[in-house]
There are 2 protein chains.
Amino acid sequence: MKWLDIAEVARRTGLPPSTLRFYEAKGLITSVGRHGLRRMFGPDVLERLALVTLGRSAGFALDDLAGLFKSGGKPRIDREQLAAKADELDRTIRRLAAVREGLRHASTCPAPSHLECPRFQRLLRVATANQVRHPTKASPRRKTPPRQ
Amino acid sequence: MKWLDIAEVARRTGLPPSTLRFYEAKGLITSVGRHGLRRMFGPDVLERLALVTLGRSAGFALDDLAGLFKSGGKPRIDREQLAAKADELDRTIRRLAAVREGLRHASTCPAPSHLECPRFQRLLRVATANQVRHPTKASPRRKTPPRQ
DNA sequence: GCTTGACCTCAAGTGGACTTGAATTCGTAG
DNA sequence: CTACGAATTCAAGTCCACTTGAGGTCAAGC
């Protein structure tokens, strides 16, 4: 049998079943049918979920992604949109790299206050410029975390 | 007069006044006093806000930051914690860089489906590994954005 | 001295992304 | 054939980071 049940998909992707059901309701994935009540997924759902994960890390909202998938079979994902997203991501990366350097420096800098350190000053300026909202914090993934 | 009123701070940081009041309530910033009802901020609040912005982009939650500031004057921000954060950020950056390459490639790739392209396949694998939760989407900053 | 408009407070609302819980239905092992 | 555990639905709840709105205050300009 090449069908995967929800637990199997959860196991292979690390996403909790609740999330998979949620994604299905949002139109991000589809099940091929049911075995009794139970959803059965085709193996391609794994690829699709990887794509969702990818899109999310690139900053797409779930609704954006659902849109891309719905229209995306034929009308092709807008190349300009992709390029724009890549550029935006590039700016984000540069900023994060600066932040990373600042953190590393701060973790070893002997200055009494980071605020007095010229390196840190520069970091602050970089971090403040073209900020991107990177909402909440990273959280424990895998197996139904207690909260959030 | 070296005091800044909330509008001035808002102007200089790009953060809406509501956010500044919110941050004050959270203990992320403090006003030096009032002029009548109005908060007056010292110029150092700008630096502090830059630090908050920085922390947020590094993935700290507001509460974490408030914690750092509270205890942070003396006990020194934990160096190990900073280093760990830097490492985490580094992984995030690598992943994002891979995603960026994938997006760029996808925006020019003539393949009928990105999924058939080996480059894209690789990207999917990279993006799927060590995922970090990067919640909602980037949003327009500056001057009281309509939503979110 | 009165108006005006920026600022104030406090409670409630919003949006995104999920999670949780109660009540129910099955497939399968014994 | 029955009991059990895993899946199901659907509504409601949670978290975070803010925003909005109603109702009130006050400093400054005319």
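Here the structure is a predicted model, which is why all the values come from computation and not from measurement. Here is the naming used below: chain letters follow the sequence lines, and residue numbers restart at 1 for every chain. Worth knowing before you read on, the calculation uses all heavy atoms, side chains too, and leaves out hydrogens, waters and symmetry mates.
Distance CG (B:Leu28) to P (D:dC18): 9 Å, rounded to an integer number of Å. A straight line from CZ of B:Phe22 to P of D:dA17 spans 7 Å, rounded to a whole angstrom.
Here A:Tyr23 does not reach the OP1 or OP2 of C:dA17: none of its side-chain N or O atoms lies under 4.0 Å away. For the pair A:Ser18 and C:dT20, the criterion of a side-chain N or O lying under 4.0 Å from OP1 or OP2 is not met. The shortest distance between the side-chain N/O atoms of A:Arg39 and the OP1/OP2 oxygens of D:dT8 is below 4.0 Å. Regarding contacts with the backbone of C:dC8, a side-chain N or O of B:Arg21 is found under 4.0 angstrom from either OP1 or OP2. Between A:Arg56 and C:dC18 there is a side-chain polar atom (N or O) within less than 4.0 angstrom of OP1 or OP2.
Residue B:Ala61 places its side chain closer to D:dA17 than to any other of C:dC7, D:dA17, C:dT19. When distances are taken from the side chain of B:Asp5 to each of C:dT19, D:dA7, C:dC7, the shortest belongs to C:dC7. The side chain of B:Arg34 lies closest to C:dT9 when the candidates are C:dT9, C:dG5, D:dA27. When distances run from any side-chain atom of B:Arg38 to the nucleotides C:dC8, D:dA28, C:dA6, the shortest one goes to C:dA6.
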If you apply the rule salt bridge (Lys or Arg N to Asp or Glu O under 4.0 Å), what do you find for A:Glu88 with A:Arg91, and how did you get there? CA-CA 5 Å; A:Glu88 187 190 319; A:Arg91 287 190 297 277; 5.3 Å; no
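By the side-chain hydrogen bond (donor to acceptor under 3.5 Å, both in side chains) test, B:Asp90 pairs with A:Arg100, B:Arg94, sequence neighbours left out.
Between the A:Thr53 side chain and the A:Leu49 main chain, a donor and an acceptor come within less than 3.5 Å of each other.
Within the structure, salt bridge (charged side-chain N to carboxylate O under 4.0 Å, His left out) pairs that include any residue of residues 32-43 of chain A comprise A:Glu24-A:Arg39 (at least two apart or interchain).
The residue among A:Leu37 and B:Glu24 whose nearest nucleotide of DNA chain C lies closer to the 5′ end is B:Glu24.
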